[in-house]
2 protein chains.
Amino acid sequence: MDLQQFFPYRLAVLADAVSRAIAGVYSERYDLSRDEWRVLAALVGGAMRTADVIGHTTLDKMQVSRAVARLEAAGLLERDADPDDRRARVLRLTAAGRALFRRIAPLAQAREAFLLDALDDAERHALDRAIDKLRERARLLERAG
Amino acid sequence: MDLQQFFPYRLAVLADAVSRAIAGVYSERYDLSRDEWRVLAALVGGAMRTADVIGHTTLDKMQVSRAVARLEAAGLLERDADPDDRRARVLRLTAAGRALFRRIAPLAQAREAFLLDALDDAERHALDRAIDKLRERARLLERAG
DNA sequence: TATTGTTATACTCTATAACTATA
DNA sequence: TATAGTTATAGAGTATAACAATA
């Protein structure tokens, strides 16, 4: 067995490199963590409850809670009580939060485009389908333990 | 910008799921960390120096040093002085280390096969090429910072 | 002086669970 | 009694650098 050819290894190495490449546009310059960036991206489309952010991000409730606390402290996000269920919180970006996202998103998208430019159309579509299919199978294996 | 459709996000989510699926075969059952598993896999082909393991795994010298210390304590690996350069160490799996790898590798490869079975030949080849091309571009972006 | 590998330290992340306030 | 979200805490992983031995 050759580690270099082992698909899960190659995928992990690639994903780490891509993550670092994207983090480059938000971590040092804007002092955001990956989780904070994800919460920002989830909320830029509009306000939602913590539980909905969890559903949109693969973050768990603690990760969201911490990311939200830091974003709130930085003035990028507000928490309001949900009138329908006062245990819940409605999360909403502030103008500053939206402005920050609008500065970062084009840089992140430019890097995404640069990455995908390496692929031809057939490769891009195959990759797209492969990601969905593989994720489904990985979920099955995870459940198996 | 939709996070669900953002390629780096989808890739990270997939790679996490695949990593957990593979870790399932070595972490709980055999109490190995991902780094220890990688060092084991790197050395199963034969003895090599710490520096060579670094080159074969994307681990850095500290990660290798710690993984090696734990594997040695578990009797899975030996460290010998390198006669050519007495600063260096030659790392070599013990019989127990090789036996452990031979128990785990088929399970890991079965999971890899199960994942890749979701793809047809064209998708598999496209994915293969895409991984190499994307990794190269990601490296360029990382250097840009 | 530079390099191999180890150790130290501080920092971040993660996982588990206890907790508050509602329902 | 269950759920939404927060806080606490311990463990694992990460990053930086100082260090000993050797080149």
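Within every chain, numbering begins at 1; the chains are lettered A, B, ... in the order of the sequence lines, protein sequences first and strands thereafter.
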Seminar exercise, completed: Contacts of B/Arg86 meeting side-chain contact (heavy atoms from CB on, under 4.5 Å) (sequence neighbours excluded), chain-then-number -> none
Exercise. Which residue pairs pass the salt bridge (Lys or Arg N to Asp or Glu O under 4.0 Å) test when at least one of the two sits in residues 1-27 of chain A, sequence neighbours left out?
Worked result: A/Arg10-B/Asp128, A/Arg10-B/Asp132, A/Arg20-B/Glu142
Problem set entry | Residues touching DNA chain C, which here means a heavy atom under 4.0 Å, drawn from residues 75-89 of chain B | B/Arg79, B/Arg87, B/Ala88, B/Arg89
Using a 3.5 Å cut-off and no angle test, enumerate the donor-acceptor pairs between side-chain atoms of residues 64-73 of chain A and protein atoms at least two apart in sequence or in another chain.
unit_1  : atom_1 : unit_2  : atom_2 : d
A/Arg70 : NH1    : A/Glu36 : OE2    : 3.2
A/Arg70 : NH2    : A/Asp31 : OD2    : 3.2
A/Glu72 : OE1    : A/Arg79 : NE     : 3.2
A/Glu72 : OE1    : A/Arg79 : NH2    : 2.8

Exercise. For A/Arg87, what residues pass the salt bridge (charged side-chain N to carboxylate O under 4.0 Å, His left out) criterion, not counting sequence neighbours?
Worked result: A/Asp85
Just list the side-chain donor-acceptor pairs under 3.5 Å for residues 94-109 of chain A, sequence neighbours left out, or say none.
unit_1  : atom_1 : unit_2  : atom_2 : d
A/Thr94 : OG1    : A/Gly75 : O      : 2.7
A/Thr94 : OG1    : A/Leu76 : O      : 3.2
A/Thr94 : OG1    : A/Ala96 : N      : 3.3
A/Thr94 : OG1    : A/Gly97 : N      : 3.1
A/Arg98 : NH1    : A/Leu93 : O      : 2.9

Problem set entry | Partner set under salt bridge (charged side-chain N to carboxylate O under 4.0 Å, His left out) for B/Arg139, not counting sequence neighbours | B/Glu136
Show the atom names and distances, to 0.1 Å, of all donor-acceptor pairs under 3.5 Å that link a side chain in residues 37-48 of chain B to residues at least two apart or in another chain.
none

Exercise. Which nucleotide of DNA chain D is the first, and which the last, in the 5' to 3' direction, to come under 4.0 Å of a heavy atom belonging to chain A?
Worked result: D/dA2 to D/dT9
Problem set entry | Inter- and intrachain pairs under ring-ring contact (aromatic ring centres under 6.0 Å, His included), touching residues 45-68 of chain A, at least two apart | none
Seminar exercise, completed: Note: contacts of residues 48-71 of chain A with DNA chain C (heavy atom, under 4.0 Å) are A/Met62, A/Gln63, A/Arg66
Seminar exercise, completed: Residues of residues 12-39 of chain B with a heavy atom under 4.0 Å from any atom of DNA chain C, listed by number, are none
